[in-house]
Amino acid sequence: MNTQHAFVVAMSVGAITLMVEMHVGMAVDCDSSKFEPCIQYFGDGASLPTPDAPCCENIQGQPGCYCEYIKDPKICKYVASPRAKELGTACRVETPDPSSCPGFTGCP
């Protein structure tokens, strides 16, 4: 292996290691209690009221936590409801279909 090729391989390995470490360092701690200010938007009614700042800010601050929220028996029925999609749209947060969450078989 020539020196130039070895240098390119070493730099590539270093860059990949750095990217993995950065991704791990940016992991979000999913805290389902952050969803609680949003529960008021799941009451009986034909339309979803406009979410307030604490609700949207809390769920925006935890991107990718939807499938973690759905594991919490206290809020599962809210997170798994069709209204969760409306809330996500209003707060500009991705709310995947509950069936796409690993291991989800329904709320208790």
Side-chain angles (χ1 to χ4, degrees):
M1 181 183 305
N2 66 28
T3 340
Q4 188 177 20
H5 184 42
F7 177 75
V8 170
V9 170
M11 291 303 289
S12 297
V13 170
I16 291 169
T17 303
L18 180 61
M19 287 189 303
V20 169
E21 288 175 2
M22 286 175 57
H23 180 71
V24 170
M26 293 174 18
V28 174
D29 183 28
C30 298
D31 178 1
S32 61
S33 69
K34 298 278 187 176
F35 188 82
E36 290 176 6
C38 301
I39 290 175
Q40 62 183 319
Y41 302 105
F42 291 90
D44 295 331
S47 65
L48 187 68
T50 304
D52 60 9
C55 168
C56 287
E57 288 169 3
N58 280 352
I59 60 175
Q60 287 169 344
Q62 295 192 16
C65 288
Y66 178 84
C67 288
E68 291 300 313
Y69 290 161
I70 211 163
K71 293 176 185 176
D72 186 330
K74 294 181 293 187
I75 64 170
C76 181
K77 68 181 180 181
Y78 304 111
V79 179
S81 78
R83 286 189 165 231
K85 194 74 158 168
E86 296 174 36
L87 178 65
T89 299
C91 291
R92 296 184 186 103
V93 175
E94 181 183 354
T95 51
D97 186 273
S99 64
S100 70
C101 294
F104 180 70
T105 57
C107 296

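Heavy-atom basis, side chains included; hydrogens, waters and symmetry copies ignored.
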Show me the donor-acceptor pairs, under 3.5 Å and distance only, between side chains in residues 99-108 and residues at least two apart or in other chains.
residue, atom, partner, partner atom, Å
S99, OG, D97, OD1, 2.3
S100, OG, D97, O, 2.6

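We find the CZ-SG distance between R92 and C56 to be 8.5 Å, quoted to the nearest 0.5 Å. Rounded to the nearest 0.5 angstrom, C30 SG and D72 CG are separated by 11.5 Å. Distance check: T89 OG1 to E94 CD gives 10.5 Å after rounding to the nearest 0.5 Å. Atom-to-atom distance recorded for Y41:OH and L87:CG is 8.0 Å, nearest 0.5 angstrom. Taking CD1 of I59 as the start and CZ of F35 as the end, the distance is 6.5 Å to the nearest 0.5 Å.
The backbone N or O of V79 sits less than 3.5 Å from a side-chain atom of Y66, completing a donor-acceptor pair. At least one donor-acceptor pair closer than 3.5 Å links the side chain of Q60 to the backbone N or O of C91. Formation of a donor-acceptor pair under 3.5 Å by the D52 side chain with backbone atoms of C55 is found in this model.
The two residues F42 and Y78 have their closest heavy-atom pair at CE2-O, 3.3 Å. Smallest separation of non-hydrogen atoms from Y69 and K34: OH-CB, 4.3 Å. The two residues A84 and T95 have their closest heavy-atom pair at O-CG2, 3.5 Å.
A salt bridge (charged side-chain N to carboxylate O under 4.0 Å, His left out) check over residues 54-70, counting only residues at least two apart or in different chains, returns the pairs E68-K71.
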